[in-house]
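Numbers here are sequence positions counted from 1.
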Amino acid sequence: EIACLTRTLSYHIGHPVPEQAFVSAILCDAGMVILNSLLQEEYAGIVASAGGDESLAASEQTHVGFSHIEVGLRLMRKWQFPPDLIETVGKHHEPAPGGQVHREAGLVYAARRTLDHLAAGADMSAVLAVLPPELMAAFRLDAASLAQSWEKSCREIEAARQMLSI
């Protein structure tokens, strides 16, 4: 869902390669897959204790000495992924350091926050309230455009499910 909404938002902002944003969103949590595979139940406990995605990296750092972000970055560097994808993974929890918005990381961040808050029952106005102002300005986001992107991504997900018979 995060990757699909990321791609839909990338169309909204006129991203030249929306599929790059889609792939970035998929790769951002590759480190979580690896940590889960290695640590299994211990990692499930770390995720549960984090109380949400915003504090997960800090919880990982406390419990195992590094975060899923660092694991993903090491893996991507070892496999010689393109630098722009590596940078997105590194910034997906902090997409606007110093007020400078990293486009793909910002799209992933906006998609993740949107999905988290919608799942908790928030409306689009409440979702916008938790997004950094730099992202809202850079991406020209308002409640209507965010809702439209969300609805389009839901239709794409449903079409994929039907195509795959799942």
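No donor-acceptor distance shorter than 3.5 angstrom exists from the side chain of Arg103 to the backbone of Ser10, with no hydrogens or angles considered. Without hydrogens or angle criteria, His102 side chain to Pro97 main chain gives no donor-acceptor distance under 3.5 Å. Between the Ser59 side chain and the Ser55 main chain, no donor and acceptor come within less than 3.5 Å of each other.
Taken from CD1 in Ile157 to CG in Leu5, the straight-line distance is 8.0 Å, to the nearest 0.5 Å. To the nearest 0.5 Å, atom NE2 of residue His68 and atom OH of residue Tyr43 are 6.0 Å apart. Taking CZ of Phe22 as the reference point, atom OG1 of Thr8 lies at 9.5 Å (rounded to 0.5 Å). To the nearest 0.5 Å, atoms SG (Cys28) and NZ (Lys91) are separated by 12.5 Å. Atom NZ of Lys78 and atom CG of Leu75 lie 9.0 Å apart (nearest 0.5 Å). Atoms OG1 and CG, from Thr6 and Leu115 in turn, are 8.0 Å apart once rounded to the nearest 0.5 Å.
Side-chain contact check for Val127 versus Asp116: every heavy-atom pair is 4.5 Å or farther apart. Taking the side chain as every heavy atom from C-beta outward, Val89 and Leu85 never approach each other to under 4.5 Å. Two residues are said to be in side-chain contact when any heavy atoms from C-beta on lie closer than 4.5 Å; Glu104 and His15 meet this criterion. Looking at Glu70 and Glu60, their side chains never come closer than 4.5 Å, going by heavy atoms from C-beta outward. A 4.5 Å side-chain heavy-atom check between Ile13 and Leu107 finds at least one atom pair inside the cut-off. With a 4.5 Å cut-off on side-chain heavy atoms, Leu135 and Pro95 count as touching. The closest side-chain heavy-atom distance from Glu42 to Val64 is below 4.5 Å. Side-chain contact check for Leu128 versus Leu141: some heavy-atom pair is nearer than 4.5 Å.
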Next on the checklist: Using the rule given for side chain to side chain contact (heavy atoms under 4.5 Å, CB included), can you reason through Leu56 versus Met32, listing the C-alpha separation, both sets of side-chain angles and the distance that settles it, and then say yes or no?
Outcome noted: CA-CA 10 Å; Leu56 179 59; Met32 289 178 68; 3.6 Å; yes
Item to check | Stepwise side chain to side chain contact (heavy atoms under 4.5 Å, CB included) test for Asp29 and Arg112 | outcome: CA-CA 11 Å; Asp29 289 328; Arg112 184 182 306 274; 2.7 Å; yes
Checklist entry - For Phe66 and Arg74, what are the C-alpha separation, side-chain angles and deciding distance, and is it a side chain to side chain contact (heavy atoms under 4.5 Å, CB included)? => result CA-CA 11 Å; Phe66 46 84; Arg74 284 184 182 186; over 6 Å; no
Checklist entry - Can you check side chain to side chain contact (heavy atoms under 4.5 Å, CB included) on His93 and Ser67, steps first, answer last? => result CA-CA 11 Å; His93 281 275; Ser67 72; over 6 Å; no
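Enclosure of atom CD in Glu94 is not indicated, since only 12 or fewer non-hydrogen atoms of other residues, nucleotides or ligands lie within 6.0 angstrom. Heavy-atom contacts from other residues, nucleotides or ligands closer than 6.0 Å to CD of Glu158 number more than 12. In the displayed structure, Glu19 atom CD is contacted under 6.0 Å by more than 12 heavy atoms of other residues, nucleotides or ligands.
Here Glu156 pairs with Arg7 under the salt bridge (Lys or Arg N to Asp or Glu O under 4.0 Å) rule; sequence neighbours left out.
Transitive grouping of hydrophobic side chains (ILVMFWY, heavy atoms separated by less than 4.5 Å) brings Leu73 and Trp79 into a common cluster.
In terms of heavy-atom proximity, Ala3 sits nearest to Ala25 at CA-CB, 3.5 Å. Pairing each heavy atom of Ile2 with each of Ala111, the nearest pair is O-CB, 3.7 Å. The two residues Thr88 and Ser24 make their nearest non-hydrogen contact at CG2-CB, 3.6 Å. Here the closest non-hydrogen pair linking Tyr11 and Pro18 is CE2-CG, 3.4 Å.
The hydrophobic cluster around Met163 extends to Leu164, Ile166, counting ILVMFWY residues whose side-chain heavy atoms fall within less than 4.5 Å of a member. Counting Ile, Leu, Val, Met, Phe, Trp and Tyr side chains that sit under 4.5 Å apart, directly or through other members, Val33 stands alone, with no cluster partners.
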